[in-house]
Amino acid sequence: MPEEGTTFVEAFKAAVRPEPRRTHRTERQGALPVVVLCGDGGAGGDPESAAVSISNLAAYVFPDDAHRGARHALIEPGHLADGADAAVREVIRQLASAELNGVGRLRLPEVALLKSLADWNPDTGRDGDKEPALRLRDYAYERLCDRHKGLMASRWLAGGQQPDLSAGRGLRDFLFILLPVPLFYFLPRWLWTLRCDRRLLRQAKRHPWWAFARGREAHPESGRFFDTAIAWRAGPHGDGGHRMERALWAALLSDLRHANRPGRLRPYRRRRRTRCVVLLSPPADDRRREVFDRFLTAYEDACGVIPYASVVLVAGMRGEGTKSLAEVATQWRPQRTRERQLARLSEALPEHGTGVPPLPVPYFRPVARADGELAVELTALAAALAVTAWLVVTGVPSRGHSSTPCLGGNENSATSAPPVPASPASPEEYARARDMIKEENRRVDKQAPAGHVRTVFYLGANRGNTRFGSGLPELRGIAMGQREANRAAQSDLKHGIWLKVDALDAGARFARAADMARKIVAKAAENRDIIGVVGFSESRTESRKAISVLTAARIPVIVSTSTANAMLPGHNAEFVHRVSPVNSRETDVEAAFVQYGAIVRDDSGDCHTARAAVVVRDPSDLYSNELGEQFGEKFEKLTRVRPFTVAYGTNAAATAPPDSGVVTDDISRVAQAVCTRLHKDDRTLLYWAARAEDFGSFLHEFGEGTTCSGRHLTVLGGNELTNAALAGEFSGDDRLSLYHTAHALPMGDERRTQTAKNFSEEYAATWKNDLWRNDGHAAQGRDAVTLMAKAASTVSTGGQTVTSELVQNTLYNGGETINRVGASGALRYVPGVPDPQNKPVIILRHFDKGNPVPVLVCGAFTLTPEDDYTRWGPDQQYECPTDQ
């Protein structure tokens with residue numbers, strides 16, 4: 001065999017049996033072009049070479065003894081004698097009658113429908129007074145029942161052939177007309193008619209074959225299908241119409257497209273791995289040559305409308321081709337163009353008289369018979385549906401089963417918490433922390449080598465709340481972090497950088513924060529030893545203004561415990577670096593906790609997941625408004641239930657009311673709103689995003705000023721409530737189930753790192769193990785200072801003079817140079833991102849007596865990602881949200 005012939009045969013075999021299967025799936029956007037093999041009589045070759053090549057190529061697709069091969073049709077010249085439509089009918093007959101094991105019977109419903117429309121004789125049959133469209137419908141439905149076993153059985157139940165309602169005279173006929181005939185005959189026929197109208201008229205773009213057969217553009221149409229069929233039958237019948245072969249090809253290609261499309265419960269479809277093959281031998285006379293051309297033209301036109309590579313068509317003819325076999329073989333792939341490929345034959349393909357092996361067995365080898373595979377799939381589907389129905393009826397245990405205990409339990413058997421002093425955040429305690437910083441500054445002046453001292457400013461609301469303000473534990477952490485950083489610098493005589501801390505008071509609620517920031521900028525302009533600012537324990541509008549002032553002067557800022565995403569300024573945001581998990585991460589974890597956690601307690605003491613939520617937020621407060629909005633959005637996204645929002649604050653009246661909620665500046669109205677929602681659904685959660693100082697007033701009004709004094713109240717709050725809870729603000733109320741987030745694990749927890757344990761021990765030795773031993777503000781203050789010190793020492797180790805610009809570059813670039821294990825968790829930074837990745841978020845169950853109990857722990861405590869806590873729940877069955 002010539003080399004180019006070998007290339008063509010291999011391309012033919014690959015076209016008949018494409019491999020792999022996924023390639024076949026992607027070929028729906030084009031059809032294989034027709035290949036015409038031309039005998040080159042003028043070159044001295046065999047004038048019958050095209051016919052010989054067609055017969056030899058057919059040997060590749062004939063089924064073997066095991067009835068395996070490709071569906072095929074071999075059209076001899078005699079099949080062209082009765083016209084192109086008769087040739088197409090012969091193709092359909094041969095494809096449908098092919099016996100192939102394991103691939104099932106080829107169903108051609110569109111072809112059968114078209115044949116019914118074409119074969120109907122309007123002059124026969126009864127009901128001559130009916131409209132022609134209705135008589136055509138009845139005829140087509142009868143032919144459908146003859147070949148469809150289910151409809152055949154339904155027709156038998158209705159009494160047999162199309163019932164004649166006028167013939168009913170006896171009781172039996174009357175009873176059949178009353179129930180079986182409408183149910184088992186008229187109803188299925190009506191549904192089938194509607195389906196034809198919908199698919200072939202109103203969904204013509206998805207099923208374009210009928211519009212193509214009618215010679216119309218495939219666009220949605222109104223009306224009835226059988227009315228259009230009557231109009232189609234009345235169309236031209238001469239050779240100029242060419243309508244029947246076009247319609248048959250379109251219907252056949254549409255059927256083959258669906259027959260080869262993979263299906264989930266279609267084991268026969270999965271076994272079909274070959275395309276259908278049509279081989280057309282060359283005709284001898286000119287009249288049949290004209291039919292030959294009409295046959296190919298109708299096929300190519302249909303492929304332009306239904307461009308699915310389901311058929312391989314190879315024809316032969318006398319004449320001279322324009323391309324070699326090898327050139328045609330390289331271009332034989334699915335495509336949109338309908339250009340016919342003409343290939344010249346210099347000799348037979350393969351050589352005349354040479355035996356040709358059959359097409360190899362398809363590569364798909366199922367492990368079971370098709371009927372057995374289908375039975376297994378149906379059994380698995382029935383089992384899955386049964387389990388789903390059982391879960392729907394009985395309820396998922398983790399989603400609020402009546403025996404589900406509350407997360408964290410109802411009693412705490414841990415050691416008792418230390419007694420709460422009368423004024424835990426008194427001015428005297430603030431003074432002690434500041435004195436500790438001043439004493440360390442004096443030590444730096446005395447012991448630090450020249451040129452190894454830098455200054456860091458701390459900006460905090462030191463007297464923000466004399467009862468349970470977060471400023472005191474943060475100030476203590478700053479003082480302890482300074483001592484730790486200086487001890488590390490003292491051990492590195494060559495590169496160690498000692499830190500002096502200048503603690504500034506921004507006033508209550510950071511009212512003077514911007515003024516203090518301008519003061520820092522003025523000092524930094526005079527003293528290049530100032531390398532940055534730490535602090536900002538509260539996310540307020542005033543503190544954000546202060547950050548904007550500092551970053552405008554290009555001074556790096558490390559935010560210790562402020563969590564609002566909006567704290568980043570509009571410009572120079574790259575100068576801000578954070579230690580705490582921000583609100584977006586915290587609310588991600590909280591929403592997942594509410595979705596799956598059994599925390600809403602009923603009167604019997606059992607706990608359930610929340611079905612509704614009330615969000616209380618202050619629109620004028622940066623932290624409160626952002627936290628409440630983000631939690632509400634995520635709660636609605638996960639539960640499909642919009643939370644009820646209470647906009648509460650002194651300036652709340654100036655804001656627009658929420659879509660679902662109220663606006664008020666009266667705490668009693670807040671209590672009334674929460675009580676009303678509890679009466680509507682006792683599985684309602686209160687999410688408190690407002691400030692902690694208002695929460696105690698709310699509890700008082702809720703217990704004494706509403707009708708819910710005897711009801712259980714479940715509250716979830718942010719880190720703002722941690723200070724108040726640890727300060728003993730919510731003691732003695734067994735109706736309250738309080739969960740709040742924290743940024744550090746409590747003492748005694750086995751998951752604490754050695755760094756956290758060392759910090760806790762030093763904290764207890766310094767501050768006598770006070771009530772804030774479990775508060776994350778102190779740990780985060782310590783981490784902020786040590787992070788600034790680490791950046792400064794990194795610059796010094798590189799042999800450069802430590803300046804604020806180089807400290808900023810080190811913090812911004814992040815990476816392994818500054819990543820470290822902190823007392824509040826791992827500080828893992830990605831270059832250009834201000835927030836540590838997967839910073840721990842802990843949710844504590846509050847008890848008025850004893851230590852809080854962690855009920856959720858998510859995040860990174862070490863620098864090894866494999867050690868991250870990525871699951872939570874009683875059996876660790878729920879995933880933790882992550883930053884990746």
Do NZ/NE/NH1/NH2 and the carboxylate oxygens of R601 and D606 come within less than 4.0 Å? no
Would you say that P581 contacts H743 through its side chain, given a criterion of any heavy-atom pair below 4.5 Å between the two side chains? yes
My understanding is that only residues two or more places apart in sequence, or in another chain, count here; which of them pass salt bridge (charged side-chain N to carboxylate O under 4.0 Å, His left out) with D682? R611
Thinking salt bridges, do E429 and R476 make one under a 4.0 Å N-O criterion? yes
Pair H679, R711 - check side chain to side chain contact (heavy atoms under 4.5 Å, CB included), show working. CA-CA 10 Å; H679 281 302; R711 284 183 173 269; 3.4 Å; yes
Under 3.5 Å, is there a donor on one side chain and an acceptor on the other for Y458 and E474? yes
Distance flag, aromatic centroids of F593 and Y739, threshold under 6.0 Å: yes
Would you indicate whether the side-chain heavy atoms of V641 and E636 approach each other to under 4.5 Å? no
Rounded to the nearest 0.5 Å, how far does CZ of F631 lie from OH of Y687? 6.0 Å
Assess the side chains of T609 and R683: does a donor N or O sit below 3.5 Å from an acceptor N or O? yes
Any donor-acceptor pair under 3.5 Å linking the side chain of R544 with the backbone of L568? no
Can you name the nearest heavy-atom pair linking A823 to T755, along with the distance? N-CG2, 4.0 Å
Distance alone, cut at 3.5 Å: any donor-acceptor contact between the side chains of R828 and N819? no
Is a side-chain donor-acceptor pair under 3.5 Å present for S584 with N565? yes
Measure the CZ-CG distance between F695 and L736 for me, rounded to the nearest 0.5 Å. 5.5 Å
Nearest non-hydrogen partners of C880 and W872, listed with the distance: SG-CD1, 3.9 Å
Given the rule in the side chain to side chain contact (heavy atoms under 4.5 Å, CB included) test, do V579 and V559 qualify, once you have shown the distances and angles that lead to the verdict? CA-CA 6 Å; V579 171; V559 178; over 6 Å; no
What do you reckon, is CD of Q876 surrounded by more than 12 foreign heavy atoms closer than 6.0 Å? yes
Any side-chain to backbone donor/acceptor pair from R512 onto D505? Under 3.5 Å, distance only. yes
Tell me, with the steps shown, if F510 and F536 meet side chain to side chain contact (heavy atoms under 4.5 Å, CB included). CA-CA 9 Å; F510 280 81; F536 298 98; 4.0 Å; yes
Side chain to side chain contact (heavy atoms under 4.5 Å, CB included), that's the test. Do V614 and L685 meet it? Break it down for me. CA-CA 6 Å; V614 178; L685 168 81; over 6 Å; no
Salt bridge (charged side-chain N to carboxylate O under 4.0 Å, His left out) assessment of E538 paired with R540: CA-CA 6 Å; E538 298 177 13; R540 296 187 183 272; 2.5 Å; yes
Could you tell me whether a side-chain N or O of N572 sits under 3.5 Å from a main-chain N or O of F575, the two making a donor and an acceptor? no
Taking the side chain as everything from C-beta on, heavy atoms only, tell me whether N719 gets closer than 4.5 Å to T563. no
For G822 versus T753, what's the shortest heavy-atom pair and its separation? O-OG1, 4.3 Å
D875 backbone acceptor or donor facing Q877 side chain under 3.5 Å: yes
Side-chain touch F861/D868, heavy atoms, less than 4.5 angstrom: no
Has F698 got more than 12 heavy atoms of other residues, nucleotides or ligands less than 6.0 Å from its CZ? yes
Could you tell me whether the side chain of V582 reaches within less than 4.5 Å of the side chain of M567, counting heavy atoms only? no
Distance, nearest 0.5 Å, that separates CG of L713 from CG of L699: 7.0 Å
Donor on one side chain, acceptor on other, E701 and S668, under 3.5 Å: no
For the side chain of E590 and the backbone of H740, is there at least one donor-acceptor N/O pair under 3.5 Å apart? no
Tell me whether E693 is salt-bridged to R509, with the criterion being a basic N under 4.0 Å from an acidic carboxylate O. yes
Should the pair R691-D618 be classified as a salt bridge under the 4.0 Å nitrogen-to-oxygen rule? no
Considering non-hydrogen atoms only, spot the tightest contact between P746 and R752 and give its length. O-CD, 3.1 Å
Where L627 and G718 come nearest, the two heavy atoms and their spacing: CD2-CA, 4.3 Å
Ignoring hydrogens and angles, tell me if any N or O in the side chain of T551 forms a donor-acceptor pair with the backbone of I547 under 3.5 Å. yes
Under 3.5 Å, is there a donor-acceptor pair linking the side chains of H571 and S548? no
Under 3.5 Å: donor-acceptor pair, side chain of T864, backbone of E866: no
Is there a donor-acceptor contact under 3.5 Å linking the side chains of T561 and S537? no
Restricting to non-hydrogen atoms, name the atom on A514 and the atom on A546 that form the minimum distance, rounded to 0.1 Å. N-CB, 3.9 Å
Checking the side chain of E586 only, and the main-chain atoms of V841 only, is there a donor and an acceptor separated by less than 3.5 Å? no
With sequence neighbours excluded, residues passing side-chain contact (heavy atoms from CB on, under 4.5 Å) with R820: T786, L787, K790, L827
Roughly how far apart are I478 CD1 and H777 NE2, rounded to 0.5 Å? 12.0 Å
Qualifying residue, where the test is side chain to side chain contact (heavy atoms under 4.5 Å, CB included) with Q630 and the options are V615, N625, D588, N583: N583
Considering only heavy atoms from C-beta outward, does the side chain of H577 approach that of Y812 to under 4.5 Å? yes
Do I842 and T741 have side chains that get closer than 4.5 Å, going by heavy atoms? no
Between atom OG1 of T541 and atom CG of L622, what is the distance when rounded to the nearest 0.5 Å? 5.0 Å
Any heavy-atom pair between the side chains of V576 and P569 that's under 4.5 Å? yes
So, the side chain of S560 versus the backbone of G535: is there a donor-acceptor pair under 3.5 Å, distance only? yes
Side-chain donor/acceptor of S539 to backbone N/O of A564, under 3.5 Å: yes
If you round to the nearest 0.5 Å, how far is CD of E704 from OG of S709? 9.5 Å
